[in-house]
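Quick caveat, the model's predicted, so the values are computed rather than measured.
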2 protein chains.
Amino acid sequence: MSAQLAIPSHPVATPDQALHARTSWLKTVDGGTAGGLQPSGSVQHFAQDREIYGEGDNAGVFFKVVSGVVRTCKFLSDGRRQIDAFHVAGDIFGFEMGWEHTLSAEAVCDCTVIPYRRRGIETVNDEVLSQQLFSYAMRSFARAQEHSLLLGRRSAVEKVAAFLIEWAEQSPAGTVVSLAMTRQDIADYLGLTIETVSRTLSQLERDALIELPTARQIRLKDIAALQEMNA
Amino acid sequence: MSAQLAIPSHPVATPDQALHARTSWLKTVDGGTAGGLQPSGSVQHFAQDREIYGEGDNAGVFFKVVSGVVRTCKFLSDGRRQIDAFHVAGDIFGFEMGWEHTLSAEAVCDCTVIPYRRRGIETVNDEVLSQQLFSYAMRSFARAQEHSLLLGRRSAVEKVAAFLIEWAEQSPAGTVVSLAMTRQDIADYLGLTIETVSRTLSQLERDALIELPTARQIRLKDIAALQEMNA
DNA sequence: CGTCCAGTTGACTCACCTCAAACGTGGTGG
DNA sequence: CCACCACGTTTGAGGTGAGTCAACTGGACG
C-alpha cells in the first residue's frame, strides 16, 4: 500500500519488488552517504500502538517499513483522527519537505522499521536519488488524491468496498485479506465510525459478497461486485 | 492556493513571489530546455468551464496559471465530482508521474495558462530543476493530506470556515474574499452539496462571522472565530 | 471460570441530503 | 428604459444515511 521507495541492501519481509519495480534504480547509492542519505542506526522495533514520531517532531530521519504495518495520521484538537495511509513492508514514510513531520506515525501492530538520516533536499546532489524521492512524492500525491475522492464523495459501502479491494490487491493470498488494524483504524481511514464499518461489513456478508471467518480475516467472495462499487 | 513551482521569465498576474519564495532557484534554467523542460507554445486562453485536459489524457505537457482560476478534479461514473484543488496565478498543475493525467482540469473562470512540454523525469538531469519539481510534489502532497483531514473528519461549518480561511490567506484585500467559483465548485471541493454550502454561509452571516455583500464577495468579520473552528 | 477488550447489534437522533419552490441579479430584446 | 428570461443562489419541508449511546457477544488470556 502507498508509495514505495526502493532502498536496497536491507531485507524486506514481504518481497514485493515486482510492484512499482524500481529497485534497481538505487544500486549506485547502495552504501548510503553518497546522495545525502544514510541509514541511521539499525532496525528499530515498535510495539503495537507505539508512536514512531509525532506531528511537529523533527523530521531529520525518515523510515522504511521492514515488517508490520504503520499508520500515518493527523489529529484535530478534540481527538478526531484521520488516517492518511497504512504503510507495509517496503514502504517509505515520514519523508518531509520541511524539517517537521506534518503527520504522526504509529505502529498498527508490532513492527520493525529502518531509520534513514537525511540532509536537506537542497544538499541532495545525486540525481538518481532525487528522482527516486520525487517519484515517491508524486506517487504519494496521487494516492492522496484518490483518497480525497473516497472521503468526499463515496458512501459507507463504497468506502468499505474500496478499502477491501485496496488490501486484496497487495494481499499475497489473493482473496483472503488479513487485517492488521482494528475497526477503529479502518473507520479513521475511511472517515466513518467503527459501528458503521462493522455494520457495513455485516451487510456485505449478508449480501454474500464477503465472509468473515474471524473479525480480522475477510474472504472476498465476489471481488467483481466490490470493484463495481468503485466505478 | 496549492503548490507553486517558480518558473521565471513569464509574467504572472498576481505577483506573490513572497510566498514559498523560491523564485531565484530557477535562474539557471531560464531558457527552458536545459533541464528537460521547455515552454510549449505560448499563453493559452480558456473560457469559463472549458476543459483544459481530461483524466487519462496524455500528460506530455503541464501548465502554469497566468491569470484566472483552474480546478483539478476527479469524477465517479455517476457524475459525482471531487475537486482536488483550485489553482491561481503562479500555480503549477497537471504535472504527472506517468504519461497520463490522473485528474481533469477545467477553467473555473476565463483564464490564461502557459503550457510546458516535459520529457520523462528519467531524463531530467538538472539537479536544481528536479529539486524544484520534488518540492512541488511534496507541497502538493502535504496539501492533499490536509484536505483529507477536512473531508474525512470535519463538519459542514468547519469545512466552510476552512475554505474561507484558505482563500483569505491569499486574498490581497485581506478580509474580503472574492470568489471566482460557484457554490457547486465549493461544494465539490468540500464534499458537500450546494444547499449545505449556501445554508452554512447564511448561518455564518446570521452569527455575524461574515458578511455577504454579493454571492461572490465575502467579508470576514471575525477571522479569529473562523480560525478557531480549525483547531 | 472470570475478566477484558474488540467487535457486533439495536434503538434512536441528527446533520446533511433531496426535492422543490422562490429569489435576485445580470443580460437581452422590445 | 423596462419587461422578460436565464441561471446561480437561497430557503423551506421532509427524508435518510451515518452517528450516538448503550447493551450484548465472543474470543483471548490469566
Please work out if A:Thr214 contacts a base, only the sugar-phosphate, or nothing of the nucleic acid, heavy-atom cut-off 4.0 Å. nothing
Nearest-nucleotide pick for B:Ser155, side chain only, options being D:dT10, C:dC16, D:dA18: C:dC16
Check whether any side-chain nitrogen or oxygen of B:Arg216 sits under 4.0 Å from OP1 or OP2 of D:dG8, and answer yes or no. no
Side-chain donor-acceptor contact under 3.5 Å, B:Glu96 with B:Thr102: yes
Verify the contact: side-chain N or O of A:Arg183 to OP1 or OP2 of C:dT8, cut-off strictly under 4.0 Å; return yes or no. yes
Give the rounded distance in Å between these two atoms: CG of A:Leu212 and P of C:dG7. 12 Å
In this structure, how many angstroms lie between the C1' atom of C:dA6 and the CG atom of A:Asp185, rounded? 12 Å
First of A:Arg206 and B:Thr196 reached from the 5' end of DNA chain C, by closest nucleotide: A:Arg206
Check the distance between D:dA28's C1' and A:Gln48's CD and give it to me in whole angstrom. 13 Å
Salt bridge or not between B:Asp49 and B:Arg71? Use side-chain N to carboxylate O under 4.0 Å. yes
Distance check: side-chain N/O of B:Ser198 vs OP1/OP2 of D:dT9, anything under 4.0 Å? no
Considering heavy-atom distances to DNA chain D, does B:Leu201 or A:Val157 have its closest nucleotide positioned more toward the 5' end? B:Leu201
Check the phosphate of D:dT11 against B:Ser202, side-chain N and O only, distance under 4.0 Å to OP1 or OP2. Yes or no? yes
Atom-to-atom span, CZ of A:Arg80 to C1' of C:dA15 - whole angstrom: 13 Å
Please tell me which of A:Arg153 and A:Arg199 maps to the more 5' nucleotide of DNA chain C, matching each residue to the nucleotide holding its nearest heavy atom. A:Arg199
What is the distance, to the nearest angstrom, from the CD1 atom on A:Ile194 to the P atom on D:dC21? 13 Å
note: B:Gln217, atom CD; D:dG8, atom C1'; distance rounded to Å ~ 16 Å
Whole angstrom is fine here: how far is it from CD in B:Gln184 over to C1' in D:dT9? 12 Å
Quick check for you: to the nearest 0.5 Å, what is the distance between B:Cys109 atom SG and B:Arg50 atom CZ? 14.0 Å
Decide whether a cation-pi geometry holds between B:Arg118 and B:Phe95; the criteria are a distance under 6.0 Å from NZ or CZ to the six-membered ring centre and an angle within 45° of the ring axis. yes
Examine the side chains of A:Ser135 and A:Arg139 and answer whether a donor and an acceptor come within less than 3.5 Å of each other. yes
Please tell me which of B:Glu195 and B:Asp49 maps to the more 5' nucleotide of DNA chain D, matching each residue to the nucleotide holding its nearest heavy atom. B:Asp49
Take atom CD of B:Gln203 and atom P of D:dT11, then tell me their distance rounded to the nearest Å. 10 Å
